**Student:** 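Structure in structure tokens, see below.
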Amino acid sequence: MRVNSLPTDFYELPTLDLAKNLLGQLLVHETPEGLTSGYIVETEAYIGPRDKAAHSYGGRMTPRTQVMFDHPGRAYVYQIYGMHYCLNVVSGSPGAPEAILIRALQPVDGIPLMIRRRNLALDPQANNWPVRRLRLLTNGPGKLAQAMGIDKQQYGWNLLDSPLFIQQGQRISAEQIASGPRIGIDYAEEARDYPWRFWIRDHPFISR
DNA sequence: GGGACGATCGAT
DNA sequence: TCGATCGTCCCC
């Protein structure tokens with residue numbers, strides 16, 4: 001385990017609690033191109049067999065969803081619309097296929113590398129980009145995966161270990177946490193309205 | 001083997 | 001509001 005990373009028991013909370021506790025923590029990825037990191041500012045919980053919006057609804061186990069049944073603290077990465085990747089933190093006890101989608105980050109380290117990976121028309125050499133431009137790097141699940149260099153290769157990775165791990169960030173109080181329905185799951189019938197999306201209130205880097 | 005669809009993004 | 005773009009999943 002990496003010295004800095006959050007310990008195993010951090011991931012052993014009930015999924016809705018973990019989804020809130022992930023807010024403010026620092027996601028880090030070390031690659032040959034450089035290190036990137038960002039504070040987690042928005043998450044969504046997907047809770048196993050009973051959640052119609054979850055890939056593991058009904059206990060569906062496929063090559064894609066298999067890692068959701070593994071120990072908490074692993075990376076569940078999937079591809080969507082043939083072109084974007086999304087990063088989830090596996091949660092729940094082994095056998096309970098639950099996960100938390102990381103929806104937005106506040107960039108911290110490696111911003112020039114993020115700019116290159118995202119192909120943004122920003123000067124990577126500059127060093128005081130306006131927030132309204134900077135937020136385009138990581139204010140959505142597909143965007144942050146691209147900015148952080150995350151794809152299928154990280155599927156199943158244990159987030160306690162370098163090169164991809166989560167470390168203690170800033171403490172977020174209960175009053176700063178807002179919640180509401182999850183994004184992009186209108187097909188999920190009653191689950192559509194579950195308030196399982198969490199974000200840091202008024203944070204400029206959230207997705208919507 | 002085939003077809004429908006998607007936990008998104010970015011341009012219009 | 002709509003098209004891109006293709007892996008995944010389920011059905012035949």
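All values reported here derive from a predicted model rather than from experimental measurement. Chain identifiers are assigned alphabetically (A, B, ...) following the order of the sequence lines, protein sequences preceding nucleic acid strands; residue numbering begins at 1 within each chain.
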**Student:** Apply side chain to side chain donor-acceptor pair (under 3.5 Å) to residues His55(A) and Tyr76(A) and explain how you reach the verdict.
**Tutor:** CA-CA 11 Å; His55(A) 294 157; Tyr76(A) 168 40; 2.7 Å; yes
**Student:** Does the side chain to side chain donor-acceptor pair (under 3.5 Å) test come out yes or no for Gln106(A) and His203(A), once each step is laid out?
**Tutor:** CA-CA 9 Å; Gln106(A) 173 185 347; His203(A) 199 284; 3.1 Å; yes
**Student:** Report the distance from atom CD1 of Ile80(A) to atom C1' of dG7(C), rounded to the nearest whole Å.
**Tutor:** 10 Å
**Student:** Tell me every residue that passes salt bridge (charged side-chain N to carboxylate O under 4.0 Å, His left out) with Asp161(A), counting only those two or more places apart in sequence or in another chain.
**Tutor:** none
**Student:** For Tyr85(A) and dG7(C), give me the distance from atom OH to atom P, rounded to whole Å.
**Tutor:**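 Value for this atom pair: 8 Å.
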**Student:** Return all side-chain donor-acceptor pairs below 3.5 angstrom for residues 118-125 of chain A, not counting sequence neighbours, or 'none' if the list is empty.
**Tutor:**
from      : atom 1 : to        : atom 2 : distance (Å)
Arg118(A) : NE     : Leu136(A) : O      : 3.4
Arg118(A) : NE     : Leu137(A) : O      : 3.2
Arg118(A) : NH1    : Gln146(A) : OE1    : 2.7
Arg118(A) : NH2    : Leu136(A) : O      : 2.8
Asp123(A) : OD1    : Gln125(A) : N      : 2.8

**Student:** Give, for atom CG of Leu6(A) and atom CD of Gln167(A), the distance between the pair rounded to the nearest 0.5 Å.
**Tutor:**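 So the CG of Leu6(A) and the CD of Gln167(A) are separated by 8.0 Å.
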**Student:** Find the distance Tyr187(A):OH to dC9(C):P and express it as a whole number of Å.
**Tutor:**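 About 13 Å, once rounded to whole Å.
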**Student:** Would you list the protein and nucleotides 9-12 of chain B atom pairs, both N or O, that sit under 3.5 Å from each other?
**Tutor:**
from    : atom 1 : to        : atom 2 : distance (Å)
dC9(B)  : OP1    : Pro141(A) : N      : 3.2
dC9(B)  : OP1    : Gly142(A) : N      : 2.7
dC9(B)  : OP1    : Lys143(A) : N      : 2.9
dC9(B)  : O4'    : His84(A)  : NE2    : 3.2
dG10(B) : OP1    : Arg118(A) : NH1    : 3.0
dG10(B) : OP1    : Arg118(A) : NH2    : 2.9
dG10(B) : OP2    : Lys143(A) : NZ     : 3.4

**Student:** Using a cut-off of strictly less than 4.0 Å between a heavy atom of the residue and any atom of DNA chain C, enumerate the qualifying residues of residues 46-64 of chain A by number.
**Tutor:**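 Heavy-atom cutoff 4.0 Å gives Arg60(A), Thr62(A), Pro63(A), Arg64(A).
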**Student:** In dot-bracket form, how is DNA chain B paired, counting a Watson-Crick or G-U wobble pair only if both its distances are under 3.5 Å and using | for bases paired to another strand?
**Tutor:** ||||||.||||.
**Student:** I'd like a table of donor-acceptor pairs (distance under 3.5 Å, sequence neighbours excluded) in which one partner is a side-chain atom from residues 13-23 of chain A, with atom names and distances.
**Tutor:**
from     : atom 1 : to       : atom 2 : distance (Å)
Thr15(A) : OG1    : Ser91(A) : OG     : 2.6
Thr15(A) : OG1    : Glu98(A) : OE1    : 2.5

**Student:** Just the rounded figure in Å: distance from C1' of dG6(B) to CG of Leu101(A).
**Tutor:**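 Rounded to whole Å, this separation is 13 Å.
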**Student:** Give the rounded distance in Å between these two atoms: OH of Tyr194(A) and P of dA7(B).
**Tutor:** 16 Å
**Student:** With sugar-phosphate meaning primed atoms plus P, OP1 and OP2, does Gln79(A) contact a base, only sugar-phosphate, or nothing at under 4.0 Å between heavy atoms?
**Tutor:**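 Sugar-phosphate, backbone atoms only, no base.
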**Student:** Output yes when at least one side-chain N/O atom of Tyr78(A) is less than 4.0 Å from OP1 or OP2 of dT8(B), else no.
**Tutor:**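 It does not, given that no N or O in the side chain of Tyr78(A) lies less than 4.0 Å from OP1 or OP2 of dT8(B).
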**Student:** For Tyr81(A) and dC6(C), what is the distance between atoms OH and P respectively, to the nearest whole Å?
**Tutor:** 15 Å
**Student:** Output the distance between atom OG1 (Thr31(A)) and atom CG (Leu113(A)), rounded to the nearest 0.5 Å.
**Tutor:**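 Interatomic distance, Thr31(A) OG1 to Leu113(A) CG, rounded to 0.5 Å: 6.0 Å.
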**Student:** Does the distance from a Lys or Arg side-chain N to an Asp or Glu carboxylate O, for Arg201(A) and Glu175(A), drop under 4.0 Å?
**Tutor:** no
**Student:** Between Glu44(A) and Arg103(A), is there a salt bridge with N-O shorter than 4.0 Å?
**Tutor:**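 Yes.
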